[in-house]
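For reference, the structure is listed below as C-alpha cells.
Just so you know, these numbers use all the heavy atoms, side chains as well, and skip hydrogens, waters and symmetry mates.
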Amino acid sequence: MVGGCVRRSRSSSRTRTSSCRVFLLVVTLLFRPSQSDPSDEACLTHLSQSLQDPNHSLQNWTKSTFANPCSGFTSYLQGATCNNGRIYKLSLTNLSLRGSITPFLANCTNLQSLDLSSNFIAGPIPPELQSLVNLAVLNLSSNRLSGPIPPQLTLCAYLNVIDLHQNLLTGTIPQQLGLLVRLSAFDVSNNKLSGPIPSSLGNRSGSLPRFNATSFAGNKDLYGYPLPPMKAKGLSVLAIVGIGLGSGLASLVLSFTGVCIWLKITERKMALEEGKITQLMPDY
C-alpha cells in the first residue's frame, strides 16, 4: 500500500514537471523578442534615405530602429503598423516630405497599405512596386509625382484603392489596370494624362464597380466615357460660317467695284472716241 502511494506521488511529480516545461516553452515563444526581417530593414533604410523630412516628423526613423522596427503587433516607427513582426502598413501623410519614392520600397513584401499622400514627393512611381503582391491600398495623391503610371501595378492583384490624383503624371492610363477585379476606388484626376480612357475602367461591365467622371477630370487631353465630349478645338462652326459669309460678301463687293471701275473706264474711252470722230467731220 505504501509502495503504491510512492509510485503515484512520483508519477504526479513527473506530470507537474512536464506541464511546467510546456508552459515555460509557450511563454518563451510568445514573449521572445521578434527578429528583424532583413527585407523590411532594407526597405525602411532606403525609404528614409530617399525622403527629406524638413519638419523632423520622423525623428525615430533611425538605423537602430530599422534593425528591429516591430515586436509582434507593436511598431517602434511613426507611421508604421506591424503584423506578426512585419511592416504591413505605412501611412506618412501630410508631413511636408520631399524627395522621391525609392524602388527599394518593394522590399517591404508584406505591405498591404501604402499612403504617402499630401506631401511634396517628386519623381516617378517606381515600377518595382509590382513586387508588393499583398498591396491593397496605394495612395500617392497630392504630391508632385511625374512620368507615366506603371502598367506593372496590375501585378498587385489585391489592389482595392489606387489614388493618384493631384500630381503631374503624364502619358496614357494603362489598359491593364482594368484587369484589377478588386479595384473599388480609382482616382487619377488633376494630372497631365492624355489619350483615351480605357473602357475596362471607364465602362466596366457586370458587378465590377464603375468610376464616374470625377475620377478622370482635370486632364485636358484625356477623353472618352465617362467624361463629357471634348469641345472642338479652334474655331466654332458659327465662326467658320461667319468667316465664309464675310469672305463671300467681301468678294462680291470687290467684284462689283471692279465692274464699276471697268464700266467707268470703258465709258471714258467711248467718250474720247466720239470726240475724235466729231473733230474729223466737216461742217455743212
Side-chain angles (χ1 to χ4, degrees), residues 39-63 65-66 69 75 77-81 87-156 159-174 177 180 183 185-194 214-219 222:
S39 296
D40 282 359
E41 183 177 357
C43 163
L44 297 169
T45 300
H46 285 280
L47 181 60
S48 176
Q49 292 172 352
S50 69
L51 295 177
Q52 301 164 19
D53 180 22
N55 294 340
H56 306 289
S57 303
L58 306 176
Q59 292 187 5
N60 63 342
W61 280 56
T62 60
K63 186 176 180 179
T65 313
F66 298 153
S75 168
L77 288 174
Q78 179 182 346
T81 306
I87 299 290
Y88 94 101
K89 183 178 180 180
L90 280 174
S91 181
L92 306 177
T93 66
N94 199 24
L95 297 176
S96 298
L97 300 177
R98 301 176 184 272
S100 59
I101 301 175
T102 174
F104 286 91
L105 192 58
N107 283 22
C108 286
T109 53
N110 204 48
L111 200 63
Q112 296 181 28
S113 177
L114 175 61
D115 189 348
L116 302 177
S117 62
S118 301
N119 286 293
F120 300 96
I121 302 172
I125 300 174
E128 288 83 359
L129 295 185
Q130 65 180 323
S131 299
L132 301 177
V133 294
N134 296 308
L135 195 65
V137 176
L138 177 63
N139 188 351
L140 305 177
S141 63
S142 299
N143 277 288
R144 296 175 179 174
L145 298 172
S146 58
I149 300 173
Q152 292 89 342
L153 291 178
T154 309
L155 297 178
C156 302
L159 272 173
N160 292 312
V161 175
I162 297 179
D163 192 350
L164 306 175
H165 82 270
Q166 203 72 42
N167 276 288
L168 303 171
L169 299 172
T170 56
T172 59
I173 300 175
L177 295 183
L180 294 169
L183 197 61
F186 182 76
D187 193 347
V188 292
S189 61
N190 298 310
N191 277 281
K192 296 184 177 182
L193 299 170
S194 58
T214 58
S215 295
F216 306 97
N219 295 278
L222 194 64

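L116 CG to S142 OG: the interatomic distance, rounded to the nearest 0.5 Å, is 12.0 Å.
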* **Working for side-chain contact (heavy atoms from CB on, under 4.5 Å), residues N119 and L51** => CA-CA 11 Å; N119 286 293; L51 295 177; over 6 Å; no
* To do: Tell me, with the steps shown, if L135 and L129 meet side-chain contact (heavy atoms from CB on, under 4.5 Å).
  => CA-CA 9 Å; L135 195 65; L129 295 185; 5.7 Å; no
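The one candidate from V161, L153, L132 that meets the side-chain contact (heavy atoms from CB on, under 4.5 Å) condition with L138 is L153.
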Can you list, pair by pair, the side-chain donor-acceptor contacts under 3.5 Å of residues 90-112, counting residues two or more places apart and other chains?
unit_1 : atom_1 : unit_2 : atom_2 : d
S96    : OG     : N55    : ND2    : 3.4
T102   : OG1    : F104   : N      : 3.1
T109   : OG1    : R86    : NH2    : 3.1

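Panel note: side chain D187, backbone H165; no donor-acceptor pair is recorded below 3.5 Å. Judged by distance alone, with hydrogens and angles left aside, the side-chain atoms of W61 form a donor-acceptor pair with the main-chain N or O of Q78 at under 3.5 Å. The backbone N or O of P69 lies less than 3.5 Å from no partner atom in the side chain of D40, so there is not a single donor-acceptor pair. N167 contributes a side-chain N or O that, together with a main-chain N or O of R144, makes up a donor-acceptor pair within less than 3.5 Å. With hydrogens and angles ignored, the 3.5 Å screen pairs no side-chain donor or acceptor of S141 with any backbone N or O of D163. Checked by atom type and distance alone, the side chain of S75 pairs as donor or acceptor with a backbone atom of A80 at under 3.5 Å. Between the N219 side chain and the V188 main chain, a donor and an acceptor come within less than 3.5 Å of each other.
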